[in-house]
Amino acid sequence: MSSSNDDVQPGVPAVETAAMDAMVEIERADPREELAKTDHDTELGIAMAEDAKRVSRGDISAEAYWEKYDAAAEREFGDAYRETPNPSIQSTDQTIDAGTADSLSCTVGSIESVACEIDAASADEMDAATDGNRTRWGMVIDLQKCVGCDSCTVACKAENRTPPGVSYNVVMEEEHGEFPNVTRTNVPRPCMQCEEPPCVQVCPVSATYKMDNGVVNIDYDRCIGCRYCMIACPYGARYFDFGENYDDEVEGAGEITSPEYGVDRGKRQDGESPIGNVRKCSFCTHRLERGEEPACVETCVGDARNMGDLNDPDSDVAEMADSTRSFQLKESEGTDPNVYYLK
Amino acid sequence: MATDTTHFEFEPGFTDNRLRVVWYAALAVLLLIGGAAMILRITEGMTSTNLTSTTPWGAWVAFYIYFVGLSAGAFLVSTLANVFGVSGMHRVDRDALFAAIISMVVALMFVWVDLGRMDRMYFPFIWRQLTSALSWEVHAYVAYIAVLVTELYFSMRIDLARVAERGSGLRAGLSGLLTLGRRSTSEASRVTDRKWLTRAGIVGIPLAIFLVHGGTGILFAVSKARPYWNSGLFPVIFVVSAVLSGTALVMMLYVLRTKLFDDEPVDRDLLNRLAVLLAAFIVVDAALTGIEMLIAIASLHPHEVETWAVILFGEMSWSFWWFMVGMGWLFPLVMLSKREWRETPWLMVLAGLSVVIGIIAVRFNIVVPAQILPVMEGLPHGSYFPSLVEWATSIGMIAVGLLLYTIGAELLPLTPLDRGDH
Ligand code: SF4
Ligand code: SF4
């Protein structure tokens, strides 16, 4: 209430920055203790760290730093030092010029060149030029972890602002016989983003198609609303937008829409797409594009849902999809979903 | 309208003016109802229907395939005269062709209202999809309508020329236009017409059987997600029941027009021939449906068995037993069982009407039951009965078809001026 408390925001503790810095100091490991755990020279490590701080502050140049330590580092780390690329050349900050780089005994290269080498190596591993390094988004849902709380369904509604009757994700709460060891279980069902999608096959105007990243797209500006794709989808994953709204439940329900497939359509308006079109889960393409996980994955209380690149053999999802517990829904349909389940 | 100076009388259309007024008034009422419903359909969008995301296809799709079938059937009856030269059938060939064209127009209207985005109806001609049966179908329909119009033109041209030459007034003027300038009434021109008629018919037969109606069956049959439709026999049954409804329609129209428009005695031989044909088609249709059902049930595929259970014993089983079996098969078969009855025009109108209505139930029982059971357990069950708007728009669109047919029948020489065979 007093004027001295002007900066204080409700709910935010009034802590001075100095106090916070002090907290960092307390948390920080003691350098000497830390370095003592390694086989390498503690004194050299401390000295290099101190000088590195000076480089940060601009007290000494990066060239001077490396010239000072090059010989010592080579002596200490030997071959490992020489072969590990030192990616400190030609990036915008803390770089050394080419002349200095040449005089160093370690391998030097730009950040970019190092990244390229890593990429090339992993591309070789994948052995096929077919998939290249294109991402194939996939989801793995661990049924042992799913508690059937329907948070994903709710998160999806909130994220994609789907109207009544449209629910990209549902949790099917009865399933008999499909899984040998259970009689009743919760099976969340988004769109499977099938590799061989029957919905794409039947669309008379090619309004729905598979994107390079594995997601099946619907072009709301082209879809004529014939609903043939809904007939063809073996997973009931498609919904028709009848144009209903949550106006009675929520004020300003249609004020904003989700930028599905990266297209911002502004307010929800009568007679405007996607009303009269068919809609479905897009793996939250708009979130993936900005580096976020789909809303359902992020919200899942049991951490049952996982998102990642199935084309990357080292990714969590690829490993899980490869496990013996993994299966797909209706495998016999030949649709080859990109959504895997763990039984 | 015939004048005293020519001894040529060309006045197709109602002989009884009172009947004409009553008929047009009735159509006007139906059109008004349909028009009002159409306004609701457009303003309220698809919420005016009882469709859901579980049952996305309903009455409009059922009527659409019904009219495509009616058209294909009527066309195939016309080819009996035009291609296969079955004697005595020339009397009905134009009628059959004209009804086939009108049916296609009505079918396309049904496709149109069914689109979620009616404003984008021309999109299938801009963007295509090679693997989509529906994409192929819309093109096949256009080609098929072109064949039908060509057929009707060559079948009717010589009479159009005659009317233009000797008649007067509106009909003569219209006929003159429709000859497209080929006004000769010579024997040579008739032979040319016949030749082209046969050629177009030969193109039309595979088009109608395989692409237009068989293709419409394929549209459903390729849907692996719905085991009830996913059967090789399906497109065949589609074609057979189409021919069945088409024959019934042509028979009905023949009697009605001869009686009410031409005021002439019905050709009992021709009637008998059509009736026997109809009976044969009923038997084949019933038999194939039976086989389809047995295969489905014997497969013990749970989805198929349950779908048949829905049809036979479900909420809507009355439509199967009363309309499909009763009106579509049993009642007409009884009517057609005695030669004496087969030669009684009014009984045959009744039998024809019964089949034409019964086949509507066949179409509904194709479209709806497969969408009642959810595609996966745990998803909601469907339940569907058309809404008032769906019924009323359907009635309106059918009324448009009836209106177009009546106007055509009143103006055009659909009955050959030489009364048929040569
Ligand atoms: S789950 Fe259905 S909608 Fe999704 S890609 Fe597969 S067929 Fe298409
Ligand atoms: S409803 Fe739209 S996306 Fe689906 S098949 Fe028809 S045009 Fe294609």
Side-chain angles (χ1 to χ4, degrees), chain A residues 165-167 170-178 184-187 189 198-209 219-244 270-271 273-279 329-330 332-335, chain B residues 42-49 51-58 60-61 111-112 114-139 219-220 222-227 229-230 302-303 367 370-371 373-380 382:
Chain A
V166 177
S167 190
V170 294
V171 181
M172 304 184 297
E173 277 165 15
E174 263 173 310
E175 194 77 48
H176 310 281
E178 287 224 358
R184 183 194 163 93
T185 184
N186 314 305
V187 183
R189 194 251 32 225
C199 56
V200 167
Q201 185 194 324
V202 299
C203 176
V205 294
S206 303
T208 187
Y209 54 87
D219 181 345
Y220 292 145
D221 293 321
R222 186 184 288 189
C223 167
I224 58 175
C226 68
R227 309 188 289 293
Y228 196 8
C229 49
M230 302 177 68
I231 295 292
C233 171
Y235 303 97
R238 288 183 167 243
Y239 294 83
F240 186 74
D241 190 334
F242 284 88
E244 286 165 283
D270 270 358
S273 285
I275 293 173
N277 297 131
V278 167
R279 306 178 61 173
L329 287 184
K330 291 198 174 182
S332 61
E333 295 274 339
T335 46
Chain B
I42 290 171
T43 51
E44 284 180 17
M46 294 293 277
T47 33
S48 59
T49 68
L51 297 170
T52 58
S53 285
T54 311
T55 314
W57 280 356
W60 290 328
V61 171
V111 178
W112 179 57
D114 189 60
L115 292 184
R117 299 293 309 228
M118 293 169 76
D119 51 325
R120 296 181 181 168
M121 61 188 172
Y122 58 91
F123 277 23
F125 299 105
I126 303 179
W127 292 290
R128 297 180 175 79
Q129 170 73 271
L130 278 182
T131 52
S132 169
L134 195 52
S135 182
W136 285 94
E137 279 316 286
V138 285
H139 295 88
L219 207 121
F220 290 86
V222 292
S223 178
K224 271 214 296 194
R226 318 269 169 177
W229 292 335
N230 189 210
H303 215 282
V367 173
Q371 304 172 73
L373 292 177
V375 284
M376 286 197 293
E377 261 183 87
L379 294 177

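Convention: sequence-line order gives letters A, B, ...; per-chain numbering from 1. Values below: every heavy atom of this structure, side chains too, minus hydrogens, waters and symmetry copies.
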* Among all residues two or more places apart in sequence or in another chain, which pass the side-chain contact (heavy atoms from CB on, under 4.5 Å) test with V205(A)? ->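 For V205(A) the side-chain contact (heavy atoms from CB on, under 4.5 Å) partners, ignoring immediate neighbours, are C203(A), A207(A), R222(A), I224(A), F123(B), P124(B), W127(B).
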* Those residues that, when tested against P302(B), pass side-chain contact (heavy atoms from CB on, under 4.5 Å) (two or more places apart) ->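 If we apply the side-chain contact (heavy atoms from CB on, under 4.5 Å) test to P302(B), skipping adjacent residues, the hits are E306(B).
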Tell me, side chain or backbone of [X] under 4.5 Å from chain A's heavy atoms, or both, or neither?
X       : value
T52(B)  : backbone
E137(B) : neither
W136(B) : neither

Determine yes or no for a side-chain-to-main-chain donor-acceptor pair under 3.5 angstrom, with [X] supplying the side chain and [Y] the backbone.
X       : Y       : result
R227(A) : D114(B) : yes
Q129(B) : Q201(A) : no
Y228(A) : L219(B) : yes

* Is there a side-chain contact between R120(B) and D221(A) (heavy atoms, below 4.5 Å)? ->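 Yes. Closest side-chain heavy atoms under 4.5 Å.
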* Heavy-atom count around W57(B) CH2 within 6.0 Å, excluding the residue itself: above 12? -> yes
Find the distance between [atom1] ([X]) and [atom2] ([Y]) and round it off to the nearest 0.5 Å.
X       : Y       : atom1 : atom2 : result
M376(B) : R189(A) : CE    : CZ    : 6.0 Å
T47(B)  : F242(A) : OG1   : CZ    : 8.5 Å
I231(A) : F220(B) : CD1   : CZ    : 7.5 Å

* To do: Identify which of S223(B), A225(B), S135(B), S132(B) forms the greatest number of heavy-atom pairs closer than 4.5 Å to chain A.
  => S132(B)
* Hey, which of V61(B), V222(B), L51(B), L130(B) has the most heavy atom pairs under 4.5 Å with chain A? ->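 Result: the option with the highest number of such pairs is L51(B).
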Using a cut-off of under 4.5 Å for heavy-atom pairs, which of [options] has the most such pairs with chain B?
options                            : value
G236(A), G243(A), P198(A), C223(A) : C223(A)
G165(A), G334(A), C233(A), G225(A) : G225(A)
I275(A), D241(A), V170(A)          : I275(A)

* Asked: Only one of P274(A), S273(A), C226(A) clears side-chain contact (heavy atoms from CB on, under 4.5 Å) with R117(B); which?
  ->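 Among P274(A), S273(A), C226(A), the one meeting side-chain contact (heavy atoms from CB on, under 4.5 Å) with R117(B) is S273(A).
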* Asked: Quick one: what part of V278(A) sits under 4.5 Å from any heavy atom of chain B, side chain, backbone, both or neither?
  ->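 Nothing of V278(A), per the 4.5 Å heavy-atom cut-off to chain B.
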* Would you mind checking which part of T335(A) comes under 4.5 Å of any heavy atom in chain B, side chain (CB onward), backbone (N, CA, C, O), both or neither? => neither
* Of the non-hydrogen atoms in L134(B) and P204(A), which two are nearest, and what is the gap between them? -> CD2-CG, 3.7 Å
* **Closest non-hydrogen atom pair, S53(B) against F240(A)** => OG-N, 2.9 Å
